[in-house]
There are 2 protein chains.
Amino acid sequence: MLSNSAALDEKDISFSISDLAREFGVTTRAIRFYEDEGLLSPGRSGRQRVYTSRDHVRLKLIVRGKRLGFSLSEVREIIEMYDLDPGESGQLRYFLEQIKKRREALQQQRHDIELTLDELDSIESECKHRLSALS
Amino acid sequence: MLSNSAALDEKDISFSISDLAREFGVTTRAIRFYEDEGLLSPGRSGRQRVYTSRDHVRLKLIVRGKRLGFSLSEVREIIEMYDLDPGESGQLRYFLEQIKKRREALQQQRHDIELTLDELDSIESECKHRLSALS
DNA sequence: GACTTAATTGACGTTTACGTAAACGGAAAC
DNA sequence: GTTTCCGTTTACGTAAACGTCAATTAAGTC
């Protein structure tokens, strides 16, 4: 009765491997590979893998990272930031450094995107210009 | 005398392979590889490669594309957009489609970046919070 | 003209991120 | 009770993007 009884319903949601594959548009092979790489750690019901909402979150981070062009080991670094232990100050300072680097890389990426989008705009208008000149 | 005599000075700038390697922080091996892939097409002075400002621009697009996580074939697609021929309307319409897809992908990427940056912010403040609690 | 330095060519090696095929296991449907 | 479906395991295959030699050449320099 004194236990923290209000554990959220979210906790016991579970997913099959094909659930996740469908939702995130990846193959089951890929998901198992991510497990081999230590990025996911599903439970088992018999031989079958059972994924928790924690795995669900992690897979979301993985596919997002992939969309950003990160390698799996970079994705791993990012994921590891999420479950840092309350630990010592050295660790924390190290993490803050990593965070800074990541942020800078992401800001560079965002800048690259802006540049590319601008150039796409001008290519597009050039295209449209030529198209209208063909009529 | 009737020739277009005012060709810009920019035109005859040339670069060695190590010039480019230094400037863009890539290896000469990589640069030659890009040539093998048809992304660069330097001239020759004897056996040595001579890169023009066109190659310079292209290499810039390549490294930017790489920073964004694009594969070389995706980079190729983007580069090819830059030198489209005045051609037929079918081509132009096709290009417009490609541009649209690219833009959507880039916007998705930008969105992913915003999400990740936000999360980095909260991880960072959590970190700082814990650090200050250790004093 | 020997020496160093930069570049080339060719070839094989390597890492990453899965794909693909084979062979098997359990559970549900008919 | 056997087909069908999903999942598992093991293992080999592969494409991309270079790295890493090794042998050769050409260009300057002292």
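Within every chain, numbering begins at 1; the chains are lettered A, B, ... in the order of the sequence lines, protein sequences first and strands thereafter.
When each of C:dA17, D:dG7, C:dT9 is scored by its nearest atom to the side-chain atoms of A:S16, the top-ranked nucleotide is D:dG7. Of the candidates C:dC18, D:dA17, D:dT8, D:dT8 carries the atom nearest the A:Q48 side chain, counting heavy atoms from C-beta on. For B:R32, whose side chain is taken as the heavy atoms from C-beta onward, the closest listed nucleotide among D:dA17, C:dT8, D:dT9 is C:dT8. Distance from the side chain of A:L72 is smallest to C:dC18 among C:dC18, D:dT25, D:dC6.
Taking OG1 from A:T116 and CZ from B:R110, the interatomic distance works out to 11.0 Å, rounded to the nearest 0.5 Å. Atom-to-atom distance recorded for A:D83:CG and B:I123:CD1 is 9.0 Å, nearest 0.5 angstrom.
Taking atom CZ of residue B:F33 and atom P of nucleotide C:dT8, one finds them 17 Å apart after rounding to whole Å. A straight line from CG of B:D19 to P of C:dA6 spans 12 Å, rounded to a whole angstrom. Per the geometry, CD belonging to B:E37 stands 13 Å off P belonging to D:dA15, to the nearest Å. Between the CD atom of A:E35 and the P atom of D:dG7 there is a distance of 14 Å, rounded to whole Å. Rounding to whole angstrom units, CZ of residue A:R47 and P of D:dT8 are separated by 8 Å. The distance between atom CG of A:D36 and atom P of D:dT8, rounded to the nearest whole Å, is 12 Å. Between the P atom of C:dA11 and the CZ atom of B:R29 lies a distance of 13 Å, rounded to the nearest Å. Distance NZ (B:K66) to P (D:dA16): 11 Å, rounded to an integer number of Å.
A close approach under 4.0 Å does not occur between any side-chain nitrogen or oxygen of B:Y34 and OP1 or OP2 of D:dA17. Between B:T27 and D:dG19 there is a side-chain N or O to OP1 or OP2 distance below 4.0 Å.
Across all strands, A:T28 comes closer than 4.0 Å to no nucleic acid atom at all (heavy-atom distances). Contacts of A:R49 with the nucleic acid, taken as non-hydrogen atoms under 4.0 Å apart, involve only primed sugar atoms and P, OP1 or OP2.
The side-chain heavy atoms of A:R93 and A:S89, taken from C-beta on, include a pair separated by under 4.5 Å.
Among A:R64, A:K60, A:R102, the single residue meeting the salt bridge (charged side-chain N to carboxylate O under 4.0 Å, His left out) criterion with B:E119 is A:R64.
Atom OH of B:Y94 sits in a sparse spot, with 12 or fewer heavy atoms from other residues, nucleotides or ligands closer than 6.0 Å.
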